[in-house]
Amino acid sequence: METLESLQRKLHGAKDLKSVVRTMKIVAALNIGQYEKAVHSLDDYFRTVAMGINVYFNQHKIDSLQDSRFTRPRIEKTTTIIVFGSDQGLVGQFNDSLNDFVLQSLKQLSGKIEILTVGERIQLLLLDAGFPQTKLYSVPNVVTSITPLIQQLLVECEKRQQNIESNEIFIYHNKPKQGVIYETVSQRLLPLDETWRQSITQYSWPTKNIPQVAGSSSKTIAALVHSYLFTLLYKACAESLASENACRLAAMQRAEKNIDELLEDLTLSYHSLRQYTIDAELFDVVSGFEAMKNDLKA
């Protein structure tokens, strides 16, 4: 049976837990803000890089990427996928939905598959499904930690392309979406083929003053392509982190609502038991008084 002391302990525990949940809500909201700001700040940069690549193609009259300067024969079909998951909990189905999406996509791929995972939890899910991972990377916990991660991933991607180890490289991650918190998406990172060149043509230079390539043209296009790939990976990572924190924020909001309901029930139970205890003590006093009156009359 509950006592006033036990109910008080539960009330204090629930209030302490609510304070922790409120703090986690604030942290998640602040994280969402910084990651969304990082994503938005990349838009103009990405467009500028894409326009620069398009200008390079136009100046060098490159109408197709079927030549040896951009494509090389592949010995064996190998696909590398980069999956951005999470390392921490309290994110609901964040990793499970991503895992299901990746597994469904892998069914459509043939040949050798290599998986680079960002986040231990998504790695474990893919391992359980029978897909061994090539490398595991830790999930960045602040914006400034994203750049070192992306640089490592770029090294791996360029290494595979140079050694003719990979035909295609895909990115899988969760992306914020209004109304449903996030959606799972994928995009092809490499190779830079004719399909990619066609997509770049939409980023035409906005004025008639077309910039000129200064210095080595090969170094210029290499720098532009490097920036292009960096931006895609960075944006995918930042969107994944924003989605993860949005999931955590939603979980904390649900937890806070449940704690409020629990506090309301505990408070009601506490006051009801306290009133019952007071009534019982008054009844004992009245009963004792009546007993004393009867004893005096006798």
Side-chain angles (χ1 to χ4, degrees), residues 35-74 77-84 114 116 118 143 146-173 175-176 185-242:
Y35 295 131
E36 287 183 341
K37 184 178 179 180
V39 171
H40 294 324
S41 66
L42 285 174
D43 290 340
D44 289 338
Y45 180 74
F46 175 83
R47 185 165 53 254
T48 301
V49 170
M51 287 190 298
I53 295 174
N54 193 32
V55 167
Y56 176 89
F57 288 157
N58 291 335
Q59 288 188 358
H60 289 77
K61 296 180 172 51
I62 300 175
D63 298 324
S64 174
L65 296 186
Q66 304 300 330
D67 57 70
S68 58
R69 288 178 291 174
F70 295 92
T71 61
R72 289 179 295 175
R74 303 295 181 179
K77 180 173 175 55
T78 302
T79 302
T80 301
I81 69 171
I82 302 171
V83 186
F84 289 92
E114 294 184 336
L116 308 179
V118 180
V143 169
I146 298 179
T147 298
L149 168 65
I150 301 308
Q151 289 173 340
Q152 294 179 57
L153 291 174
L154 275 176
V155 169
E156 289 295 325
C157 293
E158 292 173 355
K159 184 191 302 181
R160 281 164 171 72
Q161 290 289 297
Q162 290 173 0
N163 295 335
I164 319 181
E165 293 181 1
S166 179
N167 291 72
E168 293 180 305
I169 299 179
F170 291 91
I171 307 172
Y172 291 82
H173 65 98
K175 176 182 179 180
V185 297
S186 67
Q187 58 181 322
R188 191 175 70 160
L189 184 68
L190 291 169
L192 304 180
D193 54 11
E194 180 59 22
T195 302
W196 168 74
R197 191 197 69 81
Q198 291 291 339
S199 68
I200 287 294
T201 57
Q202 64 178 303
Y203 298 98
S204 58
W205 198 259
T207 67
K208 295 182 179 180
N209 298 322
I210 306 299
Q212 300 296 315
V213 177
S216 172
S217 60
S218 60
K219 290 183 179 179
T220 299
I221 188 59
L224 287 171
V225 168
H226 180 86
S227 297
Y228 177 86
L229 299 176
F230 179 90
T231 305
L232 287 181
L233 283 168
Y234 192 107
K235 187 175 182 180
C237 184
E239 287 177 341
S240 176
L241 291 169

### Task
Please step through side-chain contact (heavy atoms from CB on, under 4.5 Å) for the pair W205 and N54, ending with a clear verdict.
CA-CA 8 Å; W205 198 259; N54 193 32; over 6 Å; no
If I take atom [atom1] from residue [X] and atom [atom2] from residue [Y], how far apart are they, to the nearest 0.5 angstrom?
| X | Y | atom1 | atom2 | result |
| --- | --- | --- | --- | --- |
| I53 | I200 | CD1 | CD1 | 5.0 Å |
| I210 | Q59 | CD1 | CD | 8.0 Å |
| L189 | L233 | CG | CG | 5.0 Å |
| I169 | L232 | CD1 | CG | 12.0 Å |
| L241 | Y35 | CG | OH | 4.5 Å |

### Message
Whether the T48 and Y203 side chains hold a donor-acceptor pair (N or O, under 3.5 Å, no angle test) is what I'd like checked.
### Response
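Result is no, nothing qualifies.
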Using side-chain heavy atoms (C-beta onward) and a distance below 4.5 Å, is [X] in contact with [Y]?
| X | Y | result |
| --- | --- | --- |
| V225 | Y56 | no |
| K235 | D43 | yes |
| P211 | V55 | yes |
| L190 | L192 | yes |

Restricting to non-hydrogen atoms, name the atom on [X] and the atom on [Y] that form the minimum distance, rounded to 0.1 Å.
| X | Y | answer |
| --- | --- | --- |
| S240 | H173 | CB-CB, 4.2 Å |
| P206 | M51 | CD-SD, 3.5 Å |
| V83 | I81 | CG2-CD1, 3.9 Å |
| E168 | P191 | CG-CD, 3.8 Å |

### Task
Decide side-chain contact (heavy atoms from CB on, under 4.5 Å) for E114 and T79; before the verdict, give the C-alpha distance in whole Å, the side-chain angles of both, and the deciding distance to 0.1 Å.
CA-CA 6 Å; E114 294 184 336; T79 302; over 6 Å; no
Donor-acceptor contacts under 3.5 Å from residues 146-156 side chains, at least two apart:
| unit_1 | atom_1 | unit_2 | atom_2 | d |
| --- | --- | --- | --- | --- |
| E156 | OE1 | R160 | NH1 | 2.6 |
| E156 | OE2 | K135 | NZ | 2.6 |

### Message
Over 60° means perpendicular and under 30° means parallel, so tell me whether F230 and H226 are parallel, tilted or perpendicular.
### Response
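Rings of F230 and H226: parallel, under 30°.
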### Query
Partners of F170 by ring pair (Phe, Tyr, Trp, His ring centres under 6.0 Å), sequence neighbours excluded?
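F170 satisfies ring pair (Phe, Tyr, Trp, His ring centres under 6.0 Å) with no residue once adjacent residues are dropped.
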### Query
How would you list, by chain and number, every residue that makes a side chain to side chain donor-acceptor pair (under 3.5 Å) with Q198, sequence neighbours excluded?
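Q198 satisfies side chain to side chain donor-acceptor pair (under 3.5 Å) with E194 once adjacent residues are dropped.
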### Query
Are the aromatic rings of F57 and W196 close, with centres under 6.0 Å apart?
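Yes, they do, as the ring centres are separated by less than 6.0 Å.
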### Query
Can you list the steps and then say if Y45 with S227 is a side-chain contact (heavy atoms from CB on, under 4.5 Å)?
CA-CA 9 Å; Y45 180 74; S227 297; 3.3 Å; yes
### Task
In sequence, state the C-alpha distance, the side-chain angles, and the governing distance for I82 and C157, and then conclude on side-chain contact (heavy atoms from CB on, under 4.5 Å).
CA-CA 10 Å; I82 302 171; C157 293; 3.8 Å; yes
